[in-house]
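Written out below as structure tokens is the structure these notes cover.
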Number of protein chains: 2
Amino acid sequence: MINIKAKERYHHGDLPNALIDAALLILARDGIEDFSLREVAKMAGVSHAAPYRHFKDKMALLEAIAIRGYSHLEAVCKISYERYPHDPNRQLFEAGMGYLTLVLEKPEVAHLMFSGILTKNHVSLPLKQAGSKAVKSLGWIIENGKQQGIYSDQKTEKLTVTALACVHGIAMMLLGGLVKKPESKQQLKTLAKQISETMLQGLLKR
Amino acid sequence: MINIKAKERYHHGDLPNALIDAALLILARDGIEDFSLREVAKMAGVSHAAPYRHFKDKMALLEAIAIRGYSHLEAVCKISYERYPHDPNRQLFEAGMGYLTLVLEKPEVAHLMFSGILTKNHVSLPLKQAGSKAVKSLGWIIENGKQQGIYSDQKTEKLTVTALACVHGIAMMLLGGLVKKPESKQQLKTLAKQISETMLQGLLKR
DNA sequence: ACCTGAACACCGTTCAAGT
DNA sequence: ACCTGAACACCGTTCAAGT
């Protein structure tokens with residue numbers, strides 16, 4: 001009884017989020033190539049035309065998912081920034097781990113965020129903003145490390161881009177199969193430690 | 001006259017390559033999301049069913065393109081390796097430039113190679129081999145630098161993965177719009193110099 | 001305001017039939 | 001051996017019509 005009522009309210013109440021939830025499930029199961037809006041609608045229990053009341057088109061729904069992904073990365077950076085205020089290396093390592101974990105656990109979301117599919121034609125301000133907010137929150141970690149005298153005096157942006165490139169590169173190589181995926185959290189940590197060690201040699205003042 | 005003859009021989013002679021050429025054109029124009037095998041066939045002047053005589057399915061055609069991309073990267077590494085035999089840093093820089101140039105000039109090909117779309121389900125030995133051959137040719141550059149006493153004594157594979165991650169990361173960030181694209185070869189060089197400088201501080205023995 | 005059903009113009013893929 | 005045309009089961013998107 002309660003379920004039926006909830007179901008009815010569900011469809012009338014928050015279809016946008018219901019669609020996003022369904023999309024995440026389908027994305028994880030089928031991958032982006034076989035992703036269809038019609039199936040999303042079916043899973044959410046509405047007609048195939050209903051999503052168009054809430055999203056301009058298929059891409060707009062995927063974009064909403066990518067934006068959530070960027071927000072998540074931003075949060076990861078902020079949390080690790082606050083958790084280890086006196087240890088920039090740890091901040092960086094944990095942020096990187098969060099990054100890699102997202103990519104490994106939600107590869108399709110990462111694919112949406114970084115493949116360029118969504119930025120091919122339209123700029124889409126909200127997407128752009130979400131992305132640069134995430135980058136900025138990494139920049140704060142680097143800036144903090146500089147102020148603590150640990151990192152090189154090169155321009156913060158330069159250091160940030162390089163550090164980001166490094167972790168992003170590993171993430172994408174995992175996604176694309178150029179590096180074999182770690183099968184445990186432990187293996188992932190080992191990989192991340194190796195990369196960050198080699199990377200830090202260039203980041204640390206000496 | 002000669003043209004008509006050539007055209008006739010073309011269709012009977014080398015449809016696979018004609019399809020790949022057409023696919024590259026369409027990919028560059030429309031992006032991967034709107035890429036259709038039917039249009040490729042139309043551009044090559046055959047029926048929409050003809051491609052299936054030469055490629056198992058749509059993905060197999062895209063895979064052939066990705067394999068060509070990897071071969072190109074492998075060639076880039078080899079050429080720069082042979083051109084600057086006594087300057088590993090230069091070898092590395094030029095290889096990186098070739099990498100970034102490919103991504104900027106043929107973003108859709110790069111997308112195919114690195115997005116993971118093609119490695120989602122099937123392993124596809126030829127694709128895997130093409131990829132690892134490209135990685136190996138970068139490894140030689142690092143190995144050479146180690147033997148010349150310029151690079152750190154860490155394991156070659158570790159250094160290779162980190163260096164590759166860095167250039168790959170920048171490439172993917174350009175693709176995905178996280179870093180704004182250089183508008184000239186000169187701007188690209190400046191960006192590459194910045195990255196490689198920061199990277200090398202960790203790569204160089206000191 | 002939100003949703004449905006039919007409609008349109010596309011797809012990928014298969015398969016009998018043609019040359 | 002290689003290609004075509006029709007056919008099937010899907011898409012994304014639009015739009016009148018329903019509640």
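The structure displayed is predicted, hence computed values, not measured ones. Naming: A, B, ... by sequence-line order, numbering from 1 per chain.
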From the set [options], return the single nucleotide nearest to any side-chain atom of [X].
{"X": "Ala50(B)", "options": "dT4(C), dT4(D), dG12(D)", "answer": "dT4(D)"}
{"X": "Leu15(A)", "options": "dG5(C), dC3(C), dT13(C)", "answer": "dC3(C)"}
{"X": "Ser36(B)", "options": "dG12(D), dA6(C), dC11(C)", "answer": "dC11(C)"}

For atom [atom1] of [X] and atom [atom2] of [N], their distance in whole Å:
{"X": "Arg38(B)", "N": "dC11(D)", "atom1": "CZ", "atom2": "P", "answer": "15 Å"}
{"X": "Glu33(B)", "N": "dG12(C)", "atom1": "CD", "atom2": "P", "answer": "12 Å"}
{"X": "Leu61(A)", "N": "dT13(D)", "atom1": "CG", "atom2": "C1'", "answer": "15 Å"}
{"X": "Asn17(A)", "N": "dC2(C)", "atom1": "CG", "atom2": "P", "answer": "14 Å"}
{"X": "Lys42(A)", "N": "dG12(D)", "atom1": "NZ", "atom2": "C1'", "answer": "15 Å"}
{"X": "Asp57(B)", "N": "dC10(D)", "atom1": "CG", "atom2": "C1'", "answer": "16 Å"}
{"X": "Asp14(B)", "N": "dA1(D)", "atom1": "CG", "atom2": "P", "answer": "19 Å"}
{"X": "Glu39(B)", "N": "dT13(C)", "atom1": "CD", "atom2": "P", "answer": "16 Å"}

Arg83(B) atom CZ, neighbour heavy-atom count above 12 within 6.0 Å: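 Counting neighbours around CZ of Arg83(B), 12 or fewer heavy atoms of other residues, nucleotides or ligands fall under 6.0 Å, so no.
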Enclosure of His72(B) NE2 (heavy-atom neighbours >12, cutoff 6.0 Å):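 For His72(B), atom NE2 is not crowded (no more than 12 foreign heavy atoms under 6.0 Å).
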Determine whether the side chains of [X] and [Y] contain a donor N or O and an acceptor N or O closer than 3.5 Å.
{"X": "Lys136(A)", "Y": "Thr160(A)", "result": "no"}
{"X": "Glu143(B)", "Y": "Thr156(B)", "result": "yes"}
{"X": "Thr119(B)", "Y": "Lys128(B)", "result": "no"}

5' precedence on DNA chain C between Arg53(A) and Tyr52(B) (nearest-nucleotide basis):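 That would be Arg53(A).
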Opposite nucleotide pairing with dC2(D), Watson-Crick or G-U, both atom distances under 3.5 Å: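 Answer to the pairing question: dG18(C), which forms a Watson-Crick or G-U pair with dC2(D).
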Watson-Crick/G-U partner (both atom distances under 3.5 Å) of dT13(C):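 Paired with dT13(C), as far as the under-3.5 Å criterion goes, is dA7(D).
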Would you mind classifying the nucleic acid contact of [X] as base, sugar-phosphate or nothing, using non-hydrogen atoms under 4.0 angstrom?
{"X": "Phe55(B)", "answer": "nothing"}
{"X": "His54(B)", "answer": "sugar-phosphate"}
{"X": "Ser47(A)", "answer": "base"}

